[in-house]
Amino acid sequence: MLIMIIMLAGVLVGLRFFPPKYNKINLRLQTVCTALLIFAMGVSLGSQPDFIEKISSIGLQSLVLALCGIALSTLLVWLFTRRWKQ
């Protein structure tokens, strides 16, 4: 939940207070922060002593989560396209 609040705060700051002339720097900063986040997640997963035993269930959960996100995104795009393309 804390991560979602921080992300929302970042979006609001970007929309309201971030000057467009700094967009290039912002894009680079986002890339660096994303790389650090992925690295931190890898360290967190790798530090679990029973990670190898859990890898199949983690993989299945990740696949289900990804497929749900893809399906819902596709459905929303289809619905919005039908609604406003008429």
*Would a hydrophobic clustering, with Ile, Leu, Val, Met, Phe, Trp and Tyr connected at side-chain separations under 4.5 Å, put Leu67 with Leu76?*
no
*Using atom types as modelled and distance alone, determine if a side-chain donor or acceptor of Ser47 lies under 3.5 Å from a backbone N or O of Ser44.*
yes
*asked:* Exactly one of Trp78, Trp84, Phe80 should register a side-chain contact (heavy atoms from CB on, under 4.5 Å) with Arg82. Which one does?
replied: Trp78
*For the residue pair Tyr22 and Phe18, does the interplanar ring angle fall in the parallel (under 30°), tilted (30 to 60°) or perpendicular (over 60°) class?*
perpendicular
*Give me the one residue out of Val32, Thr31, Ile38 that meets side-chain contact (heavy atoms from CB on, under 4.5 Å) with Thr34.*
Ile38
*With rounding to the nearest 0.5 Å, note down the distance linking CG in Leu72 to CG in Leu79.*
10.5 Å
*Is it the case that one hydrophobic cluster holds both Leu60 and Leu65, taking links as side-chain heavy atoms less than 4.5 Å apart, direct or via other members?*
no
*Roughly how far, to the nearest 0.5 Å, is the CD1 atom of Ile70 from the OG1 atom of Thr74?*
7.0 Å
_Just so I know, are the side chains of Ile58 and Phe51 near enough to count as touching, which here means a heavy-atom distance under 4.5 Å?_
yes
